[in-house]
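Counting from 1, the numbers follow the sequence of the chain as shown.
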Amino acid sequence: MNWRFINNDTKPGKYNMDFDMDLVKGFVTGLPILRIYRWKPYCISLGANQDYDCLDTKRTLKDGLDIVKRPTGGRAILHAEELTYSVVYPVSDVKSPKQIYRDINLALKDGLKNYDSIFDNIELEHSQPHFPSFYREAKSNLCFAVSAKSELNFNGKKVVGSAQRKIGNVILQHGSILCGNYHKKIVDYLDLPSDKIEEIKTEIDNTTTELETILEEQVNYRKLTESIKSGFEDHFKVKFEEDKVEELISQVN
């Protein structure tokens, strides 16, 4: 079985979310797609059902950050020093969305192990939080405040966050592989009382980590991209057909 691979490099937030949706809308080949991308300028994305009023939008825009809505669920993320992936996968009678979610995270784990053997210690989260209770807390504004089942943790801290949505006969799943610690600055843009901000700062330090913190060196994004790509090839037993982005844009338009 073949997959399609797209390396979009660094793009604005609206472009990235629109492109993911264009892949869903233009999905006609039946071949699953893995896309890798980054963000410029840095961008705060909100889950599809999250309100903008959780943010201090004036400060966000003043500091040159984009704000965008994701087509998937989850909560606020500051996309900065990270590698982002998206997968478009046909709905199958063989695998449930939960199984696809788990498989994608296992492929990401294999990719990180390809990058450095220290990531052999990454584990999948085995429990599922009680989200109705979680959403009543101030920290629920942040996607990385809690690990959902099958997300990737290193020494008990979340290092990759993902969200999934079924759209017609297609699964869209995308997520953030945290590379540097700039994502923690999300707390500076939340419209909350100062005591809640301090509480969330402590929480995010206790619940998240990044590749650069683990490795004690800067991430080589090109190497990481190739490592993740090979992780998917290994886990799904596939070969990639690499798409030229310009040709793909003309197809979906």
Side-chain angles (χ1 to χ4, degrees), residues 3-27 29 31-48 50 52 55 57 60-89 104 108 111 115 143-144 160-165 167 170-186 189 210-212 218-229 231-232 240-253:
W3 281 44
R4 297 161 66 192
F5 177 74
I6 305 165
N7 185 357
N8 252 149
D9 200 24
T10 305
K11 299 293 181 182
K14 186 176 186 304
Y15 178 102
N16 281 329
M17 295 300 91
D18 286 350
F19 202 103
D20 277 353
M21 284 304 298
D22 284 342
L23 292 178
V24 171
K25 294 172 184 175
F27 189 83
T29 65
L31 298 182
I33 303 167
L34 170 64
R35 175 179 170 236
I36 299 292
Y37 54 96
R38 296 175 66 194
W39 307 70
K40 185 177 181 180
Y42 291 166
C43 177
I44 295 176
S45 74
L46 302 175
Q50 191 174 15
Y52 286 93
L55 294 179
T57 53
T60 303
L61 297 173
K62 178 177 176 291
D63 288 353
L65 274 64
D66 279 351
I67 305 174
V68 70
K69 278 284 191 97
R70 297 190 305 276
T72 52
R75 314 300 280 176
I77 303 172
L78 174 51
H79 303 281
E81 298 162 343
E82 70 172 59
L83 193 69
T84 311
Y85 79 90
S86 67
V87 171
V88 179
Y89 197 97
I104 289 171
L108 291 167
Y115 185 88
C143 195
F144 277 87
V160 180
S162 301
Q164 185 190 85
R165 179 182 170 191
I167 305 171
V170 177
I171 295 290
L172 169 63
Q173 182 171 322
H174 51 194
S176 302
I177 304 168
L178 298 180
C179 297
N181 64 11
Y182 199 96
H183 68 98
K184 294 181 179 180
K185 290 183 179 291
I186 181 69
Y189 300 100
E210 313 81 30
L211 303 193
E212 291 181 359
Q218 288 189 333
V219 167
N220 181 326
Y221 284 95
R222 180 174 295 180
K223 178 184 175 183
L224 182 58
T225 297
E226 289 303 314
S227 297
I228 295 298
K229 181 181 176 184
F232 273 77
F240 277 111
E241 297 177 2
E242 187 152 357
D243 284 315
K244 292 183 179 179
V245 174
E246 295 79 6
E247 293 177 3
L248 194 61
I249 292 173
S250 65
Q251 289 174 24
V252 297
N253 290 336

*asked:* What verdict does the side-chain contact (heavy atoms from CB on, under 4.5 Å) test give for Ile186 and Ile44, after you've listed the backbone C-alpha separation in whole Å, the side-chain angles of each residue and the deciding distance to 0.1 Å?
replied: CA-CA 8 Å; Ile186 181 69; Ile44 295 176; 3.8 Å; yes
Within this structure, what is the [atom1]-[atom2] distance for the pair [X] and [Y], rounded to the nearest 0.5 Å?
{"X": "Leu108", "Y": "Phe232", "atom1": "CG", "atom2": "CZ", "answer": "4.5 Å"}
{"X": "Leu34", "Y": "Leu23", "atom1": "CG", "atom2": "CG", "answer": "10.5 Å"}
{"X": "His79", "Y": "Leu65", "atom1": "NE2", "atom2": "CG", "answer": "10.5 Å"}
{"X": "Thr225", "Y": "Ile36", "atom1": "OG1", "atom2": "CD1", "answer": "5.5 Å"}
{"X": "Ile67", "Y": "Leu46", "atom1": "CD1", "atom2": "CG", "answer": "7.0 Å"}
{"X": "Asn220", "Y": "Leu224", "atom1": "CG", "atom2": "CG", "answer": "8.5 Å"}

How close do [X] and [Y] get, counting heavy atoms only, and between which atoms?
{"X": "Ala163", "Y": "Gly73", "value": "CB-O, 3.8 Å"}
{"X": "Gly64", "Y": "Pro41", "value": "O-CB, 3.5 Å"}
{"X": "Val87", "Y": "Tyr85", "value": "CG2-CD1, 4.0 Å"}
{"X": "Met21", "Y": "Pro71", "value": "SD-CB, 3.5 Å"}
{"X": "Gly74", "Y": "Gln50", "value": "O-OE1, 4.1 Å"}
{"X": "Tyr37", "Y": "Ser86", "value": "CE2-OG, 3.9 Å"}

Examine distances only and state if a side-chain atom of [X] and a backbone atom of [Y] form a donor-acceptor pair shorter than 3.5 Å.
{"X": "Lys223", "Y": "Tyr115", "result": "yes"}
{"X": "Arg70", "Y": "Arg75", "result": "yes"}
{"X": "Lys69", "Y": "Tyr52", "result": "no"}

Does the side chain of [X] pick up a donor-acceptor pair with the side chain of [Y] at under 3.5 Å?
{"X": "Ser162", "Y": "Gln164", "value": "no"}
{"X": "Glu210", "Y": "Tyr182", "value": "no"}
{"X": "Thr84", "Y": "His174", "value": "no"}

Residues two or more places apart in sequence or in another chain: which of them pass side chain to side chain contact (heavy atoms under 4.5 Å, CB included) with [X]?
{"X": "Lys11", "value": "Tyr15, Asn16"}
{"X": "Glu212", "value": "Gln218, Val219"}
{"X": "Val24", "value": "Val88, Ile167, Val170, Leu172"}

_Under 4.0 Å between a side-chain nitrogen and a carboxylate oxygen: does that hold for Asp20 and Arg35?_
yes
*Would you sort out whether Arg38 and Leu83 count as a side-chain contact (heavy atoms from CB on, under 4.5 Å), showing the intermediate values?*
CA-CA 6 Å; Arg38 296 175 66 194; Leu83 193 69; 3.8 Å; yes
_Full working for side-chain contact (heavy atoms from CB on, under 4.5 Å) between Tyr221 and Glu81_ = CA-CA 10 Å; Tyr221 284 95; Glu81 298 162 343; 3.9 Å; yes
*asked:* In the structure I gave you, are the side-chain heavy atoms of Asp66 and Trp39 within less than 4.5 Å of one another anywhere?
replied: no
*Tyr89 and Ile104: side-chain contact (heavy atoms from CB on, under 4.5 Å), yes or no, with the steps?*
CA-CA 10 Å; Tyr89 197 97; Ile104 289 171; 5.5 Å; no
